Amino acid sequence: MLIPIKHENMTARRWPVVTLALIAINVGVFLFTMSAMDDEAPALGEVKSHILILAALHPELKMQAESQHLVDGFKQSHPEQWKQVENPNRDIIDAYDAKLKMSEDASNLQNEMDSLNAQLCETVRSHRLRAVRLRAGAAPGPSAI
């Protein structure tokens, strides 16, 4: 990358204040956006893992398209791990898994799947909105946090 600092016909002796301000604003927006994405990443991973565990233990539950796509993709890319998660006699993965194994009420399980679907859809939607705003050159808004 070539950054022109000066040229042979340069007569101005002042600092490029506007250019430096634009660079500072871009760096600030970048750091703000990265920190927001880093904050959301663990929550998104947890929601995805809970959907996978619930879908493996209770395949009869209905899922929205995003969740179904997540489960199908995991089944195809990690078939051995999927078989382990489906096994009802496996070790408990986490506290959420233990809670699911104790629950037998189908309506509560469907409500839990619906809640996880809503969380996943909301997170995916906010990521898409943020990406559109960043492509348009706008700073992330309050709904992107």
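Values in this document were obtained by computation on a predicted structure and should not be read as measured data. FYI, the numbering just counts along the sequence from 1.
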What's the spacing between Q64 CD and I51 CD1 if we round to 0.5 Å?
-> 9.0 Å
Indicate yes or no for a side-chain donor-acceptor contact from S49 to the backbone of E46 under 3.5 Å, with no hydrogens or angles considered.
-> yes
Checking S77 side chain against G73 main chain: does a donor-acceptor pair fall under 3.5 Å?
-> yes
Under 3.5 Å side-chain donor-acceptor pair for Q68 and D72 = yes
Contact list for residues 87-98, test salt bridge (Lys or Arg N to Asp or Glu O under 4.0 Å), sequence neighbours left out | R90-D97
Side chains of T123 and V47: does their closest heavy-atom pair fall under 4.5 Å?
-> no
How long is the span from the CD atom in Q81 to the CG atom in L52, to the nearest 0.5 Å?
-> 10.0 Å
How long is the gap from CD on E112 to CG on L61, to the nearest 0.5 Å?
-> 10.0 Å
Minimum heavy-atom distance between A56 and V85, given as atom pair plus value = CB-CG1, 3.3 Å
Would you call the rings of Y96 and H50 parallel, tilted or perpendicular if under 30° counts as parallel and over 60° as perpendicular?
-> parallel
H78 and Q84, any side-chain heavy atoms less than 4.5 Å apart | no
State whether the number of non-hydrogen atoms from other residues, nucleotides or ligands found under 6.0 Å of K48 atom NZ is greater than 12.
-> no
Would you be so kind as to tabulate the donor-acceptor pairs closer than 3.5 Å made by side chains of residues 113-121, with sequence neighbours excluded?
unit_1, atom_1, unit_2, atom_2, d
D114, OD1, Q110, NE2, 2.9
S115, OG, Q119, NE2, 3.4
N117, OD1, S67, OG, 2.2
N117, ND2, M113, O, 3.2

Is it the case that more than 12 heavy atoms not belonging to K101 sit under 6.0 Å from its NZ atom?
-> yes
Out of curiosity, D105 CG to N111 CG, how far, rounded to the nearest 0.5 Å?
-> 8.5 Å
Could you check if a side-chain atom of I93 sits within less than 4.5 angstrom of a side-chain atom of I53, using non-hydrogen atoms only?
-> yes
